[in-house]
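Treat the numbers as computed from the prediction; the structure is a model and nothing was measured. All values below were derived from every heavy atom in this structure, side-chain atoms included, with hydrogens, water molecules and symmetry-related copies excluded. Note on naming: letters A, B, ... go to the chains in the order of the sequence lines (proteins, then strands), and numbering restarts at 1 for each one.
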Amino acid sequence: MKAITRLICTAPPSCLLTRSYSLTPSSLIHDFTNFCFQRDLSKSMQAMDAMQRHGIRADSITYSELIKCCLARGAVREGKLVHKHIFSNRYNSETFLTNSLLGMYVKFNLLKEAQKLFDEMPERNVVSWTTMISAYSNAKLNDRALKLLILMLREGVKPNMFTYSSVLRACDGLSNLRQLHSSIMKYGLESDTFVRSALIDIYSKLGELQNALHVFHEMVTGDSVVWNSIIGAFAQHSDGDEALNIYKSMKREGFPTDQSTLTSVLRACTSLSLLELGLQIHVHVLKFNQDLILNNALLDMYCKCGSLEDANFIFSRMVEKDVISWSIMIAGLAQNGFSLEALNLFKSMKVFGPKPNYITILGVLFACSHAGLVNEGWYYFQSMKKLFGIDPGREHYGCIIDLLGRAGKLDDAVKLIHEMKCEPDAVTWRALLGACRVHRNLDLAIYSAKQILKLDPEDAGTYVLLSNIYANSQRWEDVAEVRKTMRGRGVRKEPGCSWIEVNKQIHAFILRDNSHPQIHEINRKLSQFIHTLIGVGYVPDTNFVLQDLEGEQRADSLQYHSEKLAIVFGIMSISREKTIRIWKNLRICGDCHAFAKLITKIENRHIVIRDPVRYHHFKDGVCSCGDYW
DNA sequence: CGTTCGTCGA
């Protein structure tokens, strides 16, 4: 065998030290292999080059090691060179090896190169197809992913669990999953945990929670990820109760919980306003104190449960903060009535933080609108494109219409609606309607209400409000018409409901529902309070013209508003030094707001009420919203 | 050689 000059090694790999320095083709292969396994990219590349010049072919295992080496270094150019060598050495029919190359291109995010290679491959097995499908699913090119699955089936390649768990990610937007689900069953793959969690997740994304639950319940041998999927499904669809129940079963059955579980559980606490449970979960979170997503969920929980001291503490202690952390904190401050602090935080974000996104700006505009900062809000709205490269969307317009409307600039608000680049939706008009309520503009209120009902014919509150306005103007025919439409469409107003957590129990107070065991005592106490408050200047506000309360609920029901009952119950059952926290489904009315302010003064209490839009911190007879909500 | 689950909004 002809000896060849040593070209590559300046120092031989340690395993070669005992060998002669004269190189043979087999020793060159040996060196190449060693460099590859040592992940020494530049020497491997030189060795590969030398072998090529001497017409020596390395084995496919070594090439696949070299691909791993390129991947580890992020060496795109070298990877492409390896690709060339593999093909010139006629390895392109070694599917194992070409699949490695395919995987490399996908990991480098070079989908075009991957597709080209895929098209040129003489043989494509299930791994080749799955690699491409997974690449397109990840890139959210759903159509391509689904199309590949069809082509694959047409070519007679049998998909496996890898294929389905990948392709399912590309199925949001699909009208139904029946066909796909039954082919999974046909291949007997539904019991695979990867497939099961992907199925649960996609059913959840399509809003088909019952189907998700069905897939979950058919599970025989479980897996934490499957549990996480179903808990996440309910948490994301605001069914915190069910999410927490499943979490309890998960623990009972002994499955380990991880960051993902806790994130969803915290989200459930957030949507149910369960501060006490959230505090308990916080203890478990400490085990994962470096997890950004989990910390964000914790931060959001404290903001949305109205505990800003805790939120501030978490925010200041987080090692890593991303745009979501900042957005949560800015919106959280604003919703809790600390608009100026929110804007200050935004200013420091611009200096020290990440680039704001669409949602961050929304929080900033919300802060301006709830603090009455017309000029500042308008400035951010006008310049958001220039300053942050974000085009104002429908939601931003909603905020700014709210801002103008609250400030009494109804004409400007209307003008802006007509100038919007995107079509106004029901939420846009609802912002204007809210302003009409505050500033008692009946004609414009009627107009906005009609626009809302065109876009959202199910909106019970708007029907009731419209009918109240007509009744107030004695337009009885119009009242009858609205009522008729409402009945015809089967729309019913959701009753006002307030919740309060006492001793880890949630107590619900629903308008005209007397099922609470202590309801008589609560009512008696409430009457006493009202009597006392009238003595210090409280005047029950019975003007419902621009409220969306049902007519028949008006006359005597003021004192039975669910939040008043919850407040009284809270005073009765929560110790004095603790904050009374209430969560309700409708926005607080002016009368209850006045009631809450006064009662914190005479009872020396701290009350936080969370409504669907923001938080009211009542203390010493004043509210953090400054009566501006 | 290819797979599943978690955070911010009017």
Side-chain angles (χ1 to χ4, degrees), chain A residues 60 64 67-68 94-104 106-107 125-135 137-138 159-169 189 192-202 204 223-233 235-236 257-267 270 288 291-301 303-304 322-332 334-335 356-366 369-370 393-403 425-428 430-431 434 612-614:
Chain A
S60 54
S64 96
I67 293 171
K68 282 188 204 158
E94 295 248 351
T95 313
F96 171 84
L97 196 51
T98 37
N99 280 344
S100 291
L101 278 175
L102 205 57
M104 178 191 75
V106 169
K107 286 189 191 117
N125 63 11
V126 57
V127 175
S128 334
W129 286 96
T130 303
T131 306
M132 290 310 296
I133 288 174
S134 166
S137 296
N138 273 332
N160 61 17
M161 55 280 254
F162 289 84
T163 321
Y164 278 111
S165 46
S166 303
V167 83
L168 280 169
R169 287 167 54 102
L189 296 170
D192 180 78
T193 55
F194 283 79
V195 174
R196 193 184 300 281
S197 41
L199 261 175
I200 291 172
D201 188 53
I202 200 66
S204 153
D223 156 69
S224 284
V225 180
V226 180
W227 285 90
N228 289 349
S229 306
I230 194 72
I231 294 172
Q236 279 154 34
T257 57
D258 60 13
Q259 297 99 307
S260 186
T261 326
L262 295 178
T263 304
S264 296
V265 171
L266 280 172
R267 182 160 168 163
T270 305
F288 307 102
D291 193 297
L292 176 63
I293 297 180
L294 183 52
N295 277 329
N296 283 344
L298 187 67
L299 183 65
D300 194 41
M301 186 275 293
C303 285
K304 295 236 164 63
D322 66 355
V323 61
I324 295 184
S325 328
W326 288 84
S327 306
I328 291 169
M329 199 64 218
I330 289 170
Q335 285 165 339
N357 69 11
Y358 191 94
I359 296 174
T360 320
I361 307 296
L362 218 50
V364 172
L365 296 181
F366 183 93
S369 108
H370 285 259
R394 193 178 279 142
E395 293 92 343
H396 298 104
Y397 276 98
C399 262
I400 215 75
I401 286 161
D402 188 64
L403 173 91
D425 66 354
V427 183
T428 318
R430 237 172 253 139
V613 180
R614 62 171 298 158

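Inter-residue side-chain proximity for A:L292 and A:S325 is flagged as met; some heavy-atom pair is nearer than 4.5 Å. Between A:N228 and A:T263, the closest side-chain pair of non-hydrogen atoms is not below 4.5 Å.
Distance CG (A:D402) to C1' (B:dA10): 8 Å, rounded to an integer number of Å. Distance CZ (A:R430) to P (B:dG9): 18 Å, rounded to an integer number of Å. The interatomic distance linking A:N99 (CG) with B:dC1 (C1') rounds to 5 Å, in whole Å. The separation between A:N357 atom CG and B:dG9 atom P is 11 Å, rounded to whole Å.
Every side-chain contact (heavy atoms from CB on, under 4.5 Å) that A:T428 has, sequence neighbours left out, goes to A:R394, A:I401, A:I417, A:M420, A:P424, A:D425. With sequence neighbours excluded, the residues that form a salt bridge (Lys or Arg N to Asp or Glu O under 4.0 Å) with A:K68 are A:E65.
Here A:Y358 lies in heavy-atom contact (under 4.0 Å) with a base. Residue contacts for A:E94: at a heavy-atom cut-off of 4.0 Å it reaches no nucleic acid atom on any strand shown.
A donor-acceptor contact shorter than 3.5 Å links the side chain of A:T270 to the backbone of A:L266.
Considering A:N99, A:T98, A:T130 in turn, A:N99 is the only one that fulfils the side chain to side chain contact (heavy atoms under 4.5 Å, CB included) rule with A:N125.
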Do nucleotides 2-7 of chain B as a string where each nucleotide becomes B, S or -: B if the base has a protein heavy atom under 4.0 Å, S if just the sugar-phosphate does, - if no protein is that close. BBBBBB
